[in-house]
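Fair warning: this is a prediction, and the values are worked out from it, not measured in the lab. No hydrogens, no waters, no symmetry mates; every other heavy atom, side chains included, goes into these values. Naming convention: chains lettered A, B, ... in sequence-line order (proteins, then strands); numbering from 1 in each chain.
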Amino acid sequence: MRRSKAFIPTTKEAPSDATLPSHIFLSRAGFITQVAAGLYNYLPLAKRVIKKIENIINEEMTKVGAQEVELSFVTPAELWQESGRIEKFGKELLRFHDRKNNLFVLGPTHEEMMVDVVRNRVTSYKNLPLNLYQIKTKFRDEARPRFGLMRGREFIMQDAYSFHATTEDLDREFDAMEAAYKKILTRMGLDFRVVEADSGAIGGNGSKELMVLAESGEDTIAVCSKCEYGANIEAASRSKRSNIPEAPEASFNKFKTPDVKTIDELAEFFKIDPYYTVKCVAKKVVYEDASEIVLFFVRGCDNLQEVKALNATEALDVVDVTEEELKETGLVPGFIGPLDQDKAKHVIDSDLKNATNLICGANEADYHFIGVDLSVLSDVAYFADIAEVNEGDICPHCEKGTLSFTKGIEVGHIFKLGTTYSKALKAEFLDENGKAQLFIMGTYGMGVSRLVAAVIEQHHDEYGCIWTKATAPYMVNIMISNIKDEAQVQAGEELYRQLQDANVEVILDDRKERFGFKMKDAELIGFPYTIVIGKELQNGHVQIFDRATKEKTDIKSEDIFDKIMELI
RNA sequence: CGGGGUGUAGCUCAGUAUGGUUAGAGUACCUGGUUUGGGACCAGGGGGCCGAAGGUUCGAGUCCUUUCACCCCGACCA
């Protein structure tokens with residue numbers, strides 16, 4: 001491609017509403033333009049990057065035996081009614097009527113459609129397993145799209161769905177897909193972690209997220225210092241503590257603690273470690289047709305993890321509760337404890353099971369219990385893992401390393417679905433015994449357009465994009481420094497032809513612009529290599545500019561072709 | 001969906017408190033010339049329903065009402 005003919009509208013200034021590097025640079029470098037909130041146009045450079053990512057995905061999917069399909073973007077609402085997700089997705093589903101007044105939905109994900117494709121077509125265990133995938137535009141009418149390609153309403157996703165006769169076979173496929181996704185990200189040149197994720201309301205027993213590590217990531221993940229363990233903070237767990245502070249031995253008693261309401265005040269009052277206090281977090285838990293106040297108890301040194309709280313109560317939502325609502329129930333904010341109190345349902349963190357030497361609220365203003373032994377509740381109360389892990393906690397996997405937090409961009413999610421959808425949509429096959437069985441399913445997704453942004457979030461500097469070799473829109477940019485210099489033009493054109501003949505993705509900057517202008521442009525776009533054909537040509541040299549290192553290397557002009565072929 | 005902010009040239013923004021010539025700058029674009037190793041310079045030029053609708057007024061980018069869009073914080077995000 002000749003730069004003089006290419007549609008790459010670069011700008012010096014970023015759109016004022018762009019905040020993330022990927023958004024700023026993809027806009028400035030002429031990859032994308034915004035259409036409306038969460039809607040973007042992909043210009044030629046972005047389209048090339050997307051195709052590269054899609055090719056890598058296609059190759060790796062083929063290797064694991066997944067077959068590509070393409071399902072209709074517009075999906076009949078009946079399917080969503082059948083699965084019950086028309087309510088669950090709510091306003092995120094973009095709905096509309098056709099001329100015959102039938103209701104349709106723009107596909108936000110395609111479990112229903114895929115099950116519909118397979119049911120009654122695959123009817124025997126002999127035809128299992130089956131893994132079908134597509135790479136397609138999705139639409140989710142998010143309440144607040146943001147961050148450019150990172151969280152658009154319309155986005156490109158690769159989504160795969162596997163069908164199995166047994167859970168063992170699903171496990172095998174799940175592992176194979178995890179390996180394939182890791183391969184894809186590795187090939188793309190990304191630094192990432194596979195982390196354990198919250199399974200969410202959908203249930204199932206296996207869910208992992210693929211996180212590209214980047215400062216701007218929206219997810220917090222806990223990673224181990226010693227082993228491969230990583231988990232989304234929503235799902236992270238920890239090993240029992242080893243360095244437990246000295247216990248404040250005391251016999252059970254009610255103690256006057258005037259105006260001591262917070263954990264800090266309590267720890268200060270008794271001069272003890274917050275580890276031995278019991279924190280109460282009151283929440284309103286919302287179910288389909290009701291809501292109630294639930295008291296969550298964790299150690300004073302811990303915090304409630306709301307997603308875990310949600311899962312523990314199997315509720316639709318967990319929301320804050322006001323002090324007034326608490327008082328109406330007869331609870332005493334600041335002095336709520338798990339003993340002798342039946343005004344609201346309790347959930348107690350499993351770390352408190354059989355815990356001793358505790359101090360907790362006495363459910364009476366200005367009083368706390370001391371010397372509390374919670375083992376009295378071990379058979380009657382509901383215990384669950386509801387505490388958020390802290391940095392420095394011991395890894396639950398290797399039990400040696402400590403956990404630290406880092407930020408990640410969720411670019412992939414793999415999920416053992418089980419029979420959730422086959423059951424809802426009555427999709428069955430006949431097993432060896434001629435007995436009808438529900439398909440056991442897995443679902444796997446990778447955000448293609450989000451990956452474009454993720455590459456830049458991880459690979460950029462103050463001057464612009466730094467594409468990895470596998471994702472670059474063009475591998476080599478040949479820059480003719482002075483377009484009026486015949487020799488430079490000739491050398492540039494010749495190299496351009498040579499590289500084209502060698503099937504190298506090459507762009508020739510033949511514009512009538514000055515050196516600095518073209519250099520800044522190349523840095524902004526982020527071609528891995530720019531070949532500068534300039535002043536040194538009269539001494540028989542050209543230069544290779546490496547975008548990632550910003551190093552310029554002189555090369556004899558006659559060696560340049562070989563050198564490039566060696567580099568790429 | 002709650003709270004806040006912004007809409008003026010392709011882009012980034014002044015101008016709006018106190019209404020008053022033909023609405024500005026930088027950048028980008030076009031023409032000519034000079035320049036050619038880090039976003040050049042000179043000269044000339046094109047480009048605007050001041051988000052939309054309604055109102056007040058002799059007169060509205062500016063005041064009033066309504067509305068739409070976009071952005072930020074939060075909630076939300078199988």
Select one nucleotide: of [options], the one nearest the side-chain heavy atoms of [X].
X        : options             : answer
A:Arg514 : B:C70, B:G38, B:U35 : B:U35
A:Glu13  : B:A40, B:U12, B:A78 : B:U12
A:Phe515 : B:C70, B:G38, B:A78 : B:G38
A:Lys88  : B:C1, B:A78, B:G38  : B:A78

Both distances under 3.5 Å, Watson-Crick or G-U wobble: report the partner of [N], or none.
N     : value
B:A78 : none
B:U34 : B:A40
B:C70 : B:G5
B:U56 : none
B:G48 : none
B:C13 : B:G24

Taking atom [atom1] in both [N] and [M], compute the distance separating them and give it to the nearest angstrom.
N     : M     : atom1 : value
B:G61 : B:G7  : P     : 16 Å
B:A14 : B:U57 : C1'   : 27 Å
B:U27 : B:C64 : C1'   : 36 Å
B:A40 : B:U36 : P     : 13 Å
B:U18 : B:C1  : C1'   : 39 Å
B:A23 : B:C30 : C1'   : 23 Å
B:A60 : B:G15 : C1'   : 14 Å
B:U65 : B:C70 : C1'   : 22 Å

Audit row: A:Trp467, A:Phe31, ring-ring contact (aromatic ring centres under 6.0 Å, His included) steps and yes/no: CA-CA 13 Å; A:Trp467 293 99; A:Phe31 284 74; 5.2 Å; yes
Indicate, with a heavy-atom threshold strictly under 4.0 Å, whether [X] touches base, sugar-phosphate, or nothing.
X        : answer
A:Lys512 : base
A:Asp485 : nothing
A:Glu410 : nothing
A:Pro108 : nothing
A:Lys552 : base
A:Ser481 : base
A:Ile483 : nothing

Rounding to a whole Å, what distance do you find between [X]:[atom1] and [N]:[atom2]?
X        : N     : atom1 : atom2 : result
A:Leu537 : B:G37 : CG    : P     : 14 Å
A:Asp141 : B:C1  : CG    : C1'   : 13 Å
A:Glu513 : B:C29 : CD    : C1'   : 12 Å
A:Arg146 : B:G4  : CZ    : P     : 19 Å
A:Arg3   : B:G39 : CZ    : C1'   : 13 Å
A:Lys138 : B:A78 : NZ    : C1'   : 13 Å
A:Glu218 : B:G74 : CD    : C1'   : 13 Å
A:Gln538 : B:U36 : CD    : P     : 13 Å

So, OP1 or OP2 of [N]: does either fall under 4.0 Å of a side-chain N or O from [X]?
X        : N     : answer
A:Arg144 : B:A75 : no
A:Gln34  : B:C71 : yes
A:Ser16  : B:U6  : no
A:Lys535 : B:G37 : yes

Distance-only donor-acceptor test, [X] side-chain atoms vs [N] base atoms, 3.5 Å:
X        : N     : answer
A:Glu523 : B:G39 : no
A:Arg28  : B:G39 : yes
A:Lys12  : B:G26 : no
A:Arg151 : B:C77 : yes

Using O4'-C1'-N9-C4 for purines and O4'-C1'-N1-C2 for pyrimidines, with syn meaning within 90° of 0, is B:A25 syn or anti?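 Base orientation: anti.
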Which glycosidic conformation, syn or anti, is assigned to B:C49 if syn requires a torsion within 90° of zero?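 Syn for B:C49; the angle stays within 90° of 0.
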Heavy-atom neighbours of A:Lys136 NZ exceed 12 at 6.0 Å: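 More than 12 within 6.0 Å, yes.
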Say whether A:Glu209 and A:Asn232, considering side chains only, have a donor N or O and an acceptor N or O under 3.5 Å apart.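 Judged by distance alone, the side chains do pair up.
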Have A:Asn303 and A:Lys279 got a donor and an acceptor in their side chains that come within less than 3.5 Å?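 Note: A:Asn303 and A:Lys279 side chains meet the donor-acceptor criterion.
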Measure from NZ or CZ of [X] to the centre of the six-membered ring of [Y], then state whether that distance is under 6.0 Å and the direction lies within 45° of the axis.
X        : Y        : answer
A:Lys345 : A:Phe296 : no
A:Lys47  : A:Tyr42  : no
A:Arg450 : A:Phe155 : no

Rounded to the nearest 0.5 Å, what separation is found between the CE atom of A:Met150 and the OG atom of A:Ser22?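 Reported to 0.5 Å precision, the distance equals 4.5 Å.
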Nearest heavy atom decides the nucleotide; on that basis, is A:Tyr463 or A:Arg153 closer to the 5' end of RNA chain B?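 Result: A:Tyr463.
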RNA chain B: 5'-proximal contact among A:Gly534 and A:Ala143 (nearest heavy atom):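 That would be A:Gly534.
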Verify stack between A:Phe517 ring and B:G39 base, 5.5 Å, 30 degrees: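 Base of B:G39: not stacked against A:Phe517.
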Where do A:Gln543 and A:Thr553 land on the side-chain hydrogen bond (donor to acceptor under 3.5 Å, both in side chains) test, with the steps shown first? CA-CA 5 Å; A:Gln543 281 170 316; A:Thr553 317; over 6 Å; no
